[in-house]
Protein chains: 2
Amino acid sequence: MTVTIKDIARVANCSYATVSRALNNKPGINAQTRQRIIDTASQLGYQPNAIARGLVMQRTHTIGLVIPDIVNPFFPEIARGVEDVASDQGYTVFLCNTNWDQTKENVYLKALQEKRVDGIIITPSIDLVSANGTNYAYLNEINLPIVIFSGQSTTGGHSHIEIDNHRGGFIATKHLIEAGYKRIAFIGGRESSHSNSERLKGYKSALTSYGIAIDETLITNHDFYSESGYALMESLLKLPNPPDAVFTGNDIIALGVLECLQKKGIRVPEDFGVVGFDNIIFSGYPQIQLTTISQPQYLMGKLAAEILLNEINGLSTKGVRKTILEPELIIRKTTRKLNFPYNIREKSR
Amino acid sequence: MTVTIKDIARVANCSYATVSRALNNKPGINAQTRQRIIDTASQLGYQPNAIARGLVMQRTHTIGLVIPDIVNPFFPEIARGVEDVASDQGYTVFLCNTNWDQTKENVYLKALQEKRVDGIIITPSIDLVSANGTNYAYLNEINLPIVIFSGQSTTGGHSHIEIDNHRGGFIATKHLIEAGYKRIAFIGGRESSHSNSERLKGYKSALTSYGIAIDETLITNHDFYSESGYALMESLLKLPNPPDAVFTGNDIIALGVLECLQKKGIRVPEDFGVVGFDNIIFSGYPQIQLTTISQPQYLMGKLAAEILLNEINGLSTKGVRKTILEPELIIRKTTRKLNFPYNIREKSR
DNA sequence: GTTTTGATTGCAAACGTTTGATATTATATT
DNA sequence: AATATAATATCAAACGTTTGCAATCAAAAC
């Protein structure tokens with residue numbers, strides 16, 4: 001049915017070793033024979049079998065991209081970046097969307113190994129370091145190049161790339177403080193997620209830097225979805241002493257927060273400040289204009305893929321690379337722009 | 001290095017045929033031996049090699065998803081739907097994002113065949129029927145189960161699933177007419193795309209049904225990006241007799257249109273009506289509230305995957321299935337709600 | 001006219017599975 | 001005790017490639 005290298009060998013009247021060499025541009029083969037083989041290959045409509053090749057070469061030219069939420073616009077940009085460099089270098093990528101489900105994440109990781117991908121880019125749905133000792137030492141058991149995207153390695157054995165989330169949380173909160181908001185809340189996503197907890201730490205350290213006491217009732221976490229932002233905002237507003245600003249775990253949550261505020265008739269930014277995280281494309285739309293912390297998503301995707309492919313191709317040593325990008329505050333219309341004469345003392349980092 | 005079936009055979013003291021049968025739950029094997037084999041397999045940390053298996057089985061349990069723009073929120077929902085059912089059934093999906101690049105599309109299609117995927121779901125970046133005769137007969141040459149998502153088969157040889165785009169264009173335009181807008185423009189995306197041209201036809205047929213002359217100067221096409229919507233809106237407004245409403249090829253374009261209108265200080269919906277297409281999640285956000293035509297994205301993704309997997313598993317005959325979903329008009333805040341006493345005559349369909 | 005050399009080509013094993021055909025063993029039947 | 005039967009295990013081929021090594025062959029060197 002499907003034409004193989006043997007068929008070509010038969011009609012081109014040579015051994016299939018020769019066919020293989022001809023088609024793969026290997027040296028030590030007569031130019032005429034090569035041409036003859038190439039011609040009959042295309043005549044027969046030959047399509048190399050990457051599976052067979054993968055078996056002998058122990059290389060599949062395939063990588064896995066494991067992410068928690070493809071629907072959050074943050075990730076499609078990442079995926080595009082990863083894909084663009086992967087396809088440029090002849091790699092294909094398995095999309096593994098976990099919906100924040102750790103079981104699914106593990107199932108995918110297993111499947112990727114069985115399918116013999118050459119490497120994996122993963123945004124773990126849980127913070128690996130703090131989860132260590134639980135059943136999440138799993139990444140260390142995978143004997144493949146891995147780059148951890150927006151997460152941390154428990155062993156230092158993996159490359160990783162992320163924005164400086166702590167710093168991001170810090171400058172977001174600092175901005176709210178300087179804009180004159182007095183009671184700044186935090187509405188996070190998954191409490192167990194690495195980026196979320198780093199952002200929270202940044203939030204706390206900013207408050208501390210400004211001599212503002214941390215009020216645990218103002219710190220909430222649930223999910224990285226807008227419904228969650230809406231619901232938590234609603235309950236924060238019911239507090240005896242409600243906040244007048246909020247820093248959220250990501251932009252999607254912030255959108256939920258804004259929706260809630262609008263419904264309650266609370267004016268943003270006059271009476272309430274909101275800053276998000278990620279700078280997804282929709283945050284910049286004129287109707288939204290969310291103040292947020294920017295992550296260069298497409299670039300990060302590209303970088304992640306480049307790091308991984310370098311490791312795969314032995315161009316860089318495994319697990320050596322730590323890439324931390326600098327976050328940037330994008331001031332838009334959900335925060336006031338007042339400059340208070342604070343004496344800014346940032347904690348040394 | 002990696003442990004194989006042979007290693008297991010050696011320590012479990014049996015042939016590797018037996019190991020294979022034990023591990024795959026094949027009948028005709030002693031319960032004790034099976035247990036012994038399973039135990040040693042897990043002791044040795046055995047991971048089946050799906051590549052080797054794929055080679056003999058001629059099945060990879062892998063499908064390809066070829067889409068033009070992962071960044072448009074329409075597609076991540078599709079991808080999630082596809083992935084959820086695929087992973088449920090033990091399949092992995094290759095994400096192939098083409099950025100509307102036909103060359104890249106072809107490269108991907110070739111790669112997918114070489115990697116011996118079991119089937120393909122594709123949203124072609126170009127209308128297959130009208131492009132026939134050009135170099136785009138390519139899909140017909142692929143000897144694999146294919147479901148065409150939001151596109152049409154040239155031969156009828158492939159299953160396809162889509163919303164009724166013509167009808168969608170019709171009801172969108174009809175709504176604008178009934179709301180009392182007088183000069184209704186069309187701002188499309190890729191002119192060569194199937195869904196776009198169907199939507200345009202629907203637009204035209206609605207105008208005709210209401211006895212409104214089609215003004216070609218009001219019909220524009222460019223890209224499915226918001227920048228494109230912005231630019232085309234801007235140029236339409238410079239017309240001697242500019243439109244007072246627009247139906248766009250998708251929601252993303254509509255967002256660009258809205259941005260332009262806002263910048264020009266044109267009031268929506270009082271002085272200008274906008275209706276989009278897709279009902280991406282952001283269209284429903286309180287700050288946007290875009291009137292649009294809904295496509296049940298996640299469901300469509302699921303359906304596409306189910307159809308494909310059924311074909312793959314021989315549960316349904318190849319290419320037999322045509323699924324056309326009914327579009328729904330979602331009226332929000334970018335169109336007026338006036339009811340004119342028109343005598344509605346829809347063209348018979 | 002041998003021998004040496006270098007360029008081509010072919011052989012056969014290997015990659016890690018699955019599976020039909022066959023062989024072995026244990027159990028049941030006579 | 002010999003035979004038939006059923007249950008279990010092994011053999012070996014197949015899937016479609018790549019590649020080290022050996023073989024062939026013509027031209028060059030002696």
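Convention: sequence-line order gives letters A, B, ...; per-chain numbering from 1.
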For residues [X] and [Y], is any side-chain donor paired with an opposing acceptor at under 3.5 Å?
X: A:Lys115; Y: B:Thr92; answer: yes
X: B:Asn310; Y: B:Glu306; answer: no
X: B:Gln35; Y: B:Asp39; answer: yes

Quick one: [X] [atom1] to [N] [atom2], roughly how many Å, whole number?
X: B:Ile5; N: D:dA9; atom1: CD1; atom2: P; value: 15 Å
X: A:Leu55; N: D:dT19; atom1: CG; atom2: P; value: 13 Å
X: A:Ile37; N: C:dT9; atom1: CD1; atom2: P; value: 8 Å
X: B:Ile8; N: C:dT18; atom1: CD1; atom2: P; value: 10 Å
X: A:Gln113; N: C:dG16; atom1: CD; atom2: P; value: 16 Å
X: A:Arg34; N: C:dT8; atom1: CZ; atom2: P; value: 10 Å

Most 5' of B:Thr33 and A:Lys6 on DNA chain D, judged by nearest nucleotide: B:Thr33
Between B:Ala31 and B:Met57, the residue closer to the 5' end of DNA chain D by nearest nucleotide is B:Ala31
Side-chain (A:Asp84) to main-chain (A:Gly81) donor-acceptor, under 3.5 angstrom: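 Side chain of A:Asp84 to backbone of A:Gly81: no pair is present.
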Closest to the [X] side chain, choosing from [options]:
X: B:Asn30; options: C:dT17, D:dT8, C:dT8; value: D:dT8
X: A:Gln58; options: D:dT19, C:dC15, C:dT18; value: C:dC15
X: B:Val56; options: D:dG16, D:dA9, C:dG16; value: C:dG16

If you draw the axis of the six-membered ring of A:Phe224, does the NZ or CZ of A:Arg190 fall within 45° of it and under 6.0 Å from the ring centre?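 Checked: cation-pi criterion not met.
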Are any of [X]'s side-chain N or O atoms less than 4.0 Å away from OP1 or OP2 of [N]?
X: B:Thr4; N: C:dC15; result: no
X: A:Asn49; N: D:dT17; result: no
X: A:Gln32; N: C:dT8; result: no

Check whether any side-chain heavy atom of A:Arg53 sits under 4.5 Å from a side-chain heavy atom of A:Asn24, and report yes or no. yes
Within residues 12-29 of chain B, find the residues that approach DNA chain D with a heavy atom at under 4.0 Å, and present them sorted by residue number. B:Cys14, B:Ser15, B:Ala17, B:Thr18, B:Arg21, B:Ile29
Partner of B:Ile126 under side-chain contact (heavy atoms from CB on, under 4.5 Å), chosen from B:Ser192, B:Pro68, B:Ser193: B:Ser192
